[in-house]
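Reading through the structure tokens given below for one structure.
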Amino acid sequence: TIFPLSFPEFIDFRGERPKMAEDYRYERLLQEYLVTGGYPEEVLSPNPAYLPNLLEDILARDLMRLFPVKKPTVLKDLVRLVAASVGGRTSFNRLSSLLGISLDTAKEYVGYLEAAYLTASMGKWTTSHSERVYSQKKLYLWDMGIKTICTGSGDEGARAENLVYLELRRRGIETGYFAESEREVDFVVGQVAAPLPIEVKMLEALDPKDKRLAGLALFARRFPAVRRALVVTRSVQATVPFHGLELQAVPLWRFLLDAGRFLNPI
């Protein structure tokens, strides 16, 4: 599988890498990457027509040739729905209702988009096989440039979560989300004996009492074996005590440059 450009590759395509102390340059490059995405041609020779034409070719030619698509316009609407709700929990029932298609067709069309490497889905992290199969999925895009042409340049938090998901996929790391009631942790990697919960919040300051970290707090109570949690932020780099474990915060650009360092056990 050939992935879109990673953040380090994106930087190399842009020219010489900044020094690690030049945070502001990495932050500026990250903002470009969040919007432009990682299709090499678009990065090297930006063209406002390239990605829309590419998406149209995939939907109108590639998928129509490979699969029995009866409602081609629905595919484009489905891509837009995924782009607008990146990282959100959804169900095939909801998609079928919104698109006016049957449940089976919704499942098939999501499968077509995944086969074309436009979208990807992630299930729930749980010890229950049936819950993992029947729980709601979280949907992501393979490239942020596609999100930009579908929904504009906003949704920084959703884009950040999507990039963390892609980095985990790029490294072959199995992951899922944790959810209980209204509280959630974006990603959990590892087994129950030693899980690592990962939350993506574009924070500029770290407060262990922040309600936006309630999902991590609940996870720590439910799984006492957890020793460390990771929160990917906009600019915070710190390590603080948190509900009996160690909470490590790292800026998104640093995480994307050297994810292995933060994912491996300390």
Side-chain angles (χ1 to χ4, degrees), residues 7 85-91 120-140 156-266:
F7 184 49
S85 57
V86 158
R89 280 181 273 167
T90 191
S91 67
S121 61
M122 181 182 73
K124 190 174 184 179
W125 185 88
T126 172
T127 56
S128 167
H129 177 71
S130 60
E131 189 177 3
R132 188 160 54 246
V133 171
Y134 294 108
S135 64
Q136 291 181 317
K137 306 298 182 187
K138 295 181 75 171
L139 300 178
Y140 297 95
E156 181 188 43
R159 289 173 187 270
E161 182 179 335
N162 203 133
L163 289 184
V164 172
Y165 170 78
L166 287 175
E167 189 60 33
L168 295 172
R169 283 289 299 266
R170 185 178 281 111
R171 292 173 177 272
I173 298 174
E174 291 189 14
T175 185
Y177 69 88
F178 166 80
E180 187 176 312
S181 300
E182 297 301 314
R183 285 177 282 186
E184 181 181 293
V185 175
D186 294 328
F187 307 103
V188 182
V189 301
Q191 303 303 313
V192 174
L196 174 63
I198 304 170
E199 188 72 6
V200 183
K201 298 292 183 191
M202 299 306 279
L203 304 173
E204 295 181 347
L206 185 63
D207 180 359
K209 297 180 181 179
D210 193 324
K211 292 182 179 180
R212 288 172 291 183
L213 303 178
L216 284 177
L218 177 61
F219 188 86
R221 291 198 296 273
R222 292 289 183 266
F223 298 92
V226 67
R227 292 290 175 263
R228 180 171 68 100
L230 184 65
V231 55
V232 180
T233 69
R234 176 181 286 113
S235 57
V236 183
Q237 183 160 0
T239 301
V240 298
F242 181 80
H243 295 272
L245 53 84
E246 181 179 87
L247 180 62
Q248 183 180 18
V250 57
L252 177 60
W253 67 267
R254 285 188 182 272
F255 175 84
L256 294 176
L257 280 181
D258 191 11
R261 170 187 167 196
F262 301 103
L263 295 171
N264 291 333
I266 295 177

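The basis for the numbers below is simple: all heavy atoms, side chains too, and nothing from hydrogens, waters or symmetry mates.
Residue R169 comes nearest to A120 through the heavy atom pair NH1-CB, 3.8 Å, listed as atom of the first residue, atom of the second, then distance. Nearest heavy atom pair, residue L206 against residue L247, reads CD1-CD2, 4.1 Å. The minimum heavy-atom distance linking V236 with L203 is given by the pair CG2-O, 3.6 Å. The two residues L196 and F262 make their nearest non-hydrogen contact at CD2-O, 4.2 Å. The minimum heavy-atom distance linking L216 with E199 is given by the pair CD1-CB, 3.8 Å. The minimum heavy-atom distance between A225 and A193, with the atom names listed, is CB-O, 3.4 Å.
Taking a cutoff of 4.0 Å between a charged side-chain nitrogen and a carboxylate oxygen, R228 and E246 do not qualify as a salt bridge. Between R170 and E167 there is a salt bridge, since a side-chain N of the basic residue sits under 4.0 Å from a carboxylate O of the acidic one.
With hydrogens and angles disregarded, no donor-acceptor distance shorter than 3.5 Å links the side chain of N162 to the backbone of Y140. Although no hydrogens or angles enter the test, the distance criterion places no donor-acceptor pair under 3.5 Å between the side chain of W253 and the main chain of R234. Side chain of K138 to backbone of G87: a donor-acceptor contact under 3.5 angstrom is found. Put simply, the side chain of S121 never gets that close to the backbone of K137: no donor and acceptor are under 3.5 Å apart.
Under the 4.5 Å side-chain criterion, counting only non-hydrogen atoms from C-beta, V189 is in contact with L168. In this structure the side chain of I198 never reaches within 4.5 angstrom of the side chain of V188, judged on heavy atoms. Residues L263 and F255 meet the side-chain proximity criterion, which asks for heavy atoms closer than 4.5 Å. Side-chain contact between V185 and L218 is absent, with no heavy atoms from C-beta onward closer than 4.5 Å. Residues D186 and V164 form no side-chain contact, since every pair of their non-hydrogen atoms from C-beta on lies 4.5 Å or further apart.
The ring-ring contact (aromatic ring centres under 6.0 Å, His included) with F219 is formed by just one residue from the set F187, F178, F242; it is F178. Residue E184 forms a salt bridge (charged side-chain N to carboxylate O under 4.0 Å, His left out) with just one option from K201, R212, R89, and that option is R89.
Checking T239 against Q248 by side-chain atom types alone, no donor-acceptor pair falls below 3.5 Å.
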- Can you list the steps and then say if F223 with V192 is a side-chain contact (heavy atoms from CB on, under 4.5 Å)? CA-CA 7 Å; F223 298 92; V192 174; 4.1 Å; yes
- Message: Under the criterion side-chain contact (heavy atoms from CB on, under 4.5 Å), I'd like the reasoning laid out for L252 against F7: C-alpha separation, chi angles, the key distance, then a yes or no.
- Response: CA-CA 10 Å; L252 177 60; F7 184 49; over 6 Å; no
- Message: For a side-chain contact (heavy atoms from CB on, under 4.5 Å) check, start with the C-alpha distance between L139 and T90, then their side-chain angles and the critical distance, and finish with the verdict.
- Response: CA-CA 8 Å; L139 300 178; T90 191; 3.6 Å; yes
- Query: Going through the checks in order, is the side-chain contact (heavy atoms from CB on, under 4.5 Å) test met by K124 and Q136?
  - Reply: CA-CA 7 Å; K124 190 174 184 179; Q136 291 181 317; over 6 Å; no
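In the displayed structure, E156 atom CD is contacted under 6.0 Å by more than 12 heavy atoms of other residues, nucleotides or ligands.
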